[in-house]
Amino acid sequence: MSQTIGLLAGTVFYHQKYFAQAERKTIETDFGQTAVLLTGRWAYVARHGLEGEAYLPPHRINHAANLAALKKVGVKEIIGVNSCGSLRPSLGPGSVVLPNDYIALARVETIFNDHREHIVPMLSERVQKKLSTAAKAAGVYLVKGGIYWQTPGPRLETKAEIRLLAHYADMVGMTMASEATIAQEMGLEYASLCSVDNHAHGLSPIPLTGEEIMANAGANADKIFKIIQAYPEE
């Protein structure tokens, strides 16, 4: 019997026919409750809330509850699908990136609030290898390697901030570092597929809009879903 794989993504996959018949469960955890869509193969948490629910902006997401809920339903491996902006002119919207490290200098959530414990942050090599294999099987080009910089949100970054970030990272977003950190603290294997949905503020002569970001995220969803469907069972 194949293991259940965790999927943390935005609402974009909620409209995939694959999840139309998924069982919806509300999972109670020590950190709060989370709605999980279960298909047997997948346990999907929409980090910003499911359709019909109030939208949760990045700074209000309960990452600990989301990850604890996935662990509670038996998940050991988790794929995060994270929308991001490109810090490189050569890394255009529509790209799918498999990051290999991240930066988060602002406060990152943790479950270690009452005792001393320190993880050495890293993304799961096991899940990264399986995602690479899946992309090849699905015929989807995957940019392998890249640094993700997490900012707090919900506002986008200033042009000056983007110039600074671009010296050290390839992408900027608001969720992945928190998920990766807490997943590791909980003993879960986590890696990300980054959906490049826009050039960061100031990299394009055309002003950045929220509508552009959402349109590009939707266009990338089918490619990313093909990778997810090809994810190896073992």
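All values below come from the heavy atoms of this structure, side chains included, with hydrogens, waters and symmetry mates left out. In what follows, residues are counted from 1 in the order of the sequence shown.
- Using a 4.5 Å cut-off between side-chain heavy atoms of Ile, Leu, Val, Met, Phe, Trp and Tyr, with links allowed through other members, Val108 and Tyr148 fall into different hydrophobic clusters.
- Between Lys130 and Glu189 there is no salt bridge, since no side-chain nitrogen of the basic residue lies less than 4.0 Å from a carboxylate oxygen of the acidic one.
- For the atom pair CD1 of Ile228 and NZ of Lys226, the computed distance is 13.0 Å after rounding to the nearest 0.5 Å.
- In this structure, Gln229 places its CD atom where more than 12 heavy-atom neighbours from other residues, nucleotides or ligands lie under 6.0 Å away.
- Thr181 contributes a side-chain N or O that, together with a main-chain N or O of Ala177, makes up a donor-acceptor pair within less than 3.5 Å.
- Counting only N and O atoms by type, the side chains of Thr110 and Glu185 include a donor and acceptor under 3.5 Å apart.
- Separating the OG atom in Ser86 from the CG atom in Asp170 is a distance of 8.0 Å, to the nearest 0.5 Å.
- The structure places CD of Glu77 at 4.5 Å from CD of Gln3, a figure rounded to the nearest 0.5 Å.
- Closest heavy-atom contact between Pro89 and Leu203: N-CD2, 4.0 Å.
- Note that the CG atom of Leu38 and the CD atom of Glu23 stand 5.5 Å from one another [nearest 0.5 Å].
- In this structure the side chain of Val96 never reaches within 4.5 angstrom of the side chain of Tyr141, judged on heavy atoms.
- Nearest approach of Ala46 to Gly10, heavy atoms of both residues: CB-O, 4.1 Å.
- Although no hydrogens or angles enter the test, the distance criterion places a donor-acceptor pair under 3.5 Å between the side chain of Asn220 and the main chain of Ser95.
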Criterion side-chain contact (heavy atoms from CB on, under 4.5 Å) on Ile79 and Ile5, from CA distance to verdict: CA-CA 8 Å; Ile79 301 167; Ile5 307 299; 4.3 Å; yes

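- Residues Ile119 and Phe31 fall within the same hydrophobic cluster, defined by Ile, Leu, Val, Met, Phe, Trp and Tyr side chains chained together at heavy-atom separations under 4.5 Å.
- Judged by distance alone, with hydrogens and angles left aside, the side-chain atoms of Lys223 form a donor-acceptor pair with the main-chain N or O of Gly94 at under 3.5 Å.
- For Arg60, the CZ atom is loosely surrounded, since the number of other residues' heavy atoms within 6.0 Å does not exceed 12.
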Stepwise side-chain contact (heavy atoms from CB on, under 4.5 Å) check, Leu50 with Leu37: CA-CA 10 Å; Leu50 292 170; Leu37 297 182; 4.0 Å; yes

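- In this structure a side-chain-to-backbone donor-acceptor pair under 3.5 Å is missing from Thr4 to Arg41.
- Between the side chains of Thr29 and Lys72, no donor-acceptor pair of N or O atoms lies under 3.5 Å.
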Criterion side-chain contact (heavy atoms from CB on, under 4.5 Å) on Ile147 and Asn100, from CA distance to verdict: CA-CA 6 Å; Ile147 308 301; Asn100 61 332; 4.0 Å; yes

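- Taking hydrophobic clusters as Ile, Leu, Val, Met, Phe, Trp and Tyr residues chained together by side-chain heavy-atom distances below 4.5 Å, Ile78 does not share a cluster with Ile61.
- Hydrophobic cluster membership is shared by Tyr190 and Phe112, with clusters built from Ile, Leu, Val, Met, Phe, Trp and Tyr side chains linked at under 4.5 angstrom.
- Between Leu165 and Thr151, the closest side-chain pair of non-hydrogen atoms falls below 4.5 Å.
- The shortest heavy-atom contact between Ala43 and Val36 is CB-CG1, 3.9 Å.
- Arg88 places a side-chain N or O within 3.5 Å of a backbone atom of Ala166 that can act as its donor or acceptor partner.
- You'll find the side chain of Asn82 stays beyond 4.5 Å of the side chain of Met171, heavy atoms only.
- Between the side chains of Gln150 and Tyr102, no donor-acceptor pair is found at a separation under 3.5 Å.
- Annotation for Pro57 and Pro154: closest pair CB-CB, 4.4 Å, computed over non-hydrogen atoms.
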Verdict with reasoning, Met174 to His59, per side-chain contact (heavy atoms from CB on, under 4.5 Å): CA-CA 8 Å; Met174 302 177 187; His59 67 294; over 6 Å; no

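- Between Ser192 and Pro99, the shortest heavy-atom distance links the atoms O-CD, 3.2 Å.
- Gln128 CD to Leu193 CG: the interatomic distance, rounded to the nearest 0.5 Å, is 10.0 Å.
- Note that the CG atom of Leu142 and the SG atom of Cys194 stand 10.0 Å from one another [nearest 0.5 Å].
- Follow the hydrophobic side-chain contacts under 4.5 Å out from Leu105 and you reach Ile162 in the same cluster.
- Side chains of Glu157 and Leu164 form no contact here, defined as non-hydrogen atoms less than 4.5 Å apart.
- Using a 4.5 Å heavy-atom cutoff, the side chains of Asn62 and Gln33 are not in contact.
- Test Val75, Leu70, Val73, Leu67 against Val45 for side chain to side chain contact (heavy atoms under 4.5 Å, CB included) and you get one pass: Leu70.
- Heavy-atom minimum distance, Met186 versus Ala64: CE-O, 3.4 Å.
- The aromatic rings of His48 and Tyr55 lie parallel to each other, with less than 30° between the two planes, well short of the 60° mark.
- Remark: side-chain polar atoms of Gln184 are paired, donor with acceptor, to backbone N or O of Val120 under 3.5 angstrom.
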